[in-house]
2 protein chains.
Amino acid sequence: MNNEYIDRELEEKAELLKIIGHPVRLCIVRNLLDGGNRNVSEMQECLCIPQSTVSQHLAKLKSAGIIEGQRNKNQIVYALANEDVKKIIKSMFDIKEEDK
Amino acid sequence: MNNEYIDRELEEKAELLKIIGHPVRLCIVRNLLDGGNRNVSEMQECLCIPQSTVSQHLAKLKSAGIIEGQRNKNQIVYALANEDVKKIIKSMFDIKEEDK
DNA sequence: TAACAATATCGTAATATCTAAATATAGTGA
DNA sequence: TCACTATATTTAGATATTACGATATTGTTA
């Protein structure tokens, strides 16, 4: 976007919104905030879609800094890593507390 | 998306996020909330993009119920019409009050 | 009603996204 | 090291989105 009124901040926020603007990714992110599935196999089962598809959505979320993965033994455990996204999900889905 | 874990609500919210997840549309929506340009010509000037492009983005926002247009003489004055979107924009851009 | 101004819609080419199978990688435990 | 499990990457076809010129529509005013 080559436009002085659309600045870097706006571009970045738009990108963030676009990335969570997909049913599978929004489901992943909402579950993460809501204390749900944290590793890929669980997400895959819960979402009923192929593993590679889940992984690609996770890659997209990760490259935007929305989630972070940490290896735990055999698995990779994901967590939300972006405050804007947390705020958005909380306000959209009326989630009160991170249950931990 | 044919998946029992991804329900109607999730689909709708994802669609909403996707629609505001575009720099031009996010700019329009943020300006509307922030008391800025409300008719198409002003937006067009401010955004430096062709009128038909602005109109198409407005159509998308409108068909998702994010904005509503009201005719005022020669022009159509738009306003935000979706509470989720208002909340999101406010929290992302630290807008305190609708100035009116 | 004619000319004009503001906005919307259409057509379409370029680009981006999505999905999923196939394949690769990397950690774990025997 | 070997087999296994969990996850990531690659590839490709299908689909969706985007931008914008051309054109249409609708309201206004003379």
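Just so you know, these numbers come straight off a predicted model, no measurement behind them. Below, chains carry the letters A, B, ... as their sequence lines are ordered, and counting in each starts from 1.
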- request: Spell out yes or no: do the side chain of Gln51(B) and the base of dA8(C) have one donor N/O and one acceptor N/O closer than 3.5 Å?
  value: yes
- prompt: For His57(B) and dT7(C), is the shortest distance between a side-chain N/O and OP1 or OP2 below 4.0 Å?
  reply: no
- request: Grab the NZ-P distance between Lys60(B) and dA16(D) for me, whole Å please.
  value: 12 Å
- prompt: Rounded to the Å, how far apart are Lys62(A) NZ and dT9(D) P?
  reply: 6 Å
message: Strictly below 4.0 Å: does Tyr78(B) bring a side-chain N or O up to OP1 or OP2 of dA8(C)?
response: yes
- line: Here the distance between atom C1' of dA19(D) and atom CE of Met43(B), to the nearest Å, is 18 Å
field: Contact under 4.0 Å: Ser41(A) side-chain N or O vs dT7(D) OP1/OP2
entry: yes
task: To the nearest Å, give me how far apart CD1 (Ile20(B)) and C1' (dT17(D)) are.
output: 17 Å
field: Nearest-0.5 Å distance that lies between atom CG in Leu10(B) and atom CZ in Arg30(A)
entry: 5.0 Å
Show the atom names and distances, to 0.1 Å, of all donor-acceptor pairs under 3.5 Å that link a side chain in residues 56-66 of chain B to residues at least two apart or in another chain.
residue: His57(B); atom: ND1; partner: Arg25(B); partner atom: NH1; Å: 3.0
residue: Ser63(B); atom: OG; partner: Lys60(B); partner atom: O; Å: 3.3

message: Rounding to an integer number of Å, can you tell me how far Asn39(A) CG sits from dA26(C) C1'?
response: 16 Å
- prompt: Reading nucleotides 24-30 of chain D 5' to 3', which nucleotides get B (base under 4.0 Å from a protein heavy atom), which S (sugar-phosphate only), which -?
  reply: ---SSS-
First encountered from the 5' end of DNA chain C, between Gln56(B) and Glu42(B): Glu42(B)
- line: Whole-Å distance, Ile76(A) CD1 to dT5(D) P, equals 17 Å
task: Is it possible for you to check whether Arg38(B) lies under 6.0 Å from the centre of the six-membered ring of Tyr78(B), through NZ or CZ, and within 45° of that ring's axis?
output: no
- prompt: Can any side-chain N or O of Lys90(B) pair as donor or acceptor with the backbone N or O of Ile95(B) at less than 3.5 Å?
  reply: no
field: Length of the CD-P vector between Gln70(B) and dT7(C), whole Å
entry: 14 Å
message: Any side-chain to backbone donor/acceptor pair from Lys87(B) onto Ser91(A)? Under 3.5 Å, distance only.
response: yes
- request: Determine whether any donor atom in the side chain of Ser52(A) lies under 3.5 Å from an acceptor atom in the base of dA21(C), or the reverse, and answer yes or no.
  value: yes
- prompt: Out of dA20(C), dC18(C), dT7(C), which nucleotide sits closest to the side chain of Pro50(A)?
  reply: dA20(C)
message: Can you work out whether Lys18(A) or Thr53(A) has the more 5'-proximal nearest nucleotide on DNA chain C?
response: Lys18(A)
- line: Separation of dC18(C) atom P from Ile28(A) atom CD1, nearest Å, is 12 Å
field: Partner set under salt bridge (charged side-chain N to carboxylate O under 4.0 Å, His left out) for Lys13(A), not counting sequence neighbours
entry: Glu9(A), Asp84(A)
message: Using only atom types and a distance under 3.5 Å, with no angle test, would you say the side chain of Asn82(A) pairs donor to acceptor with the backbone of Val85(A)?
response: yes
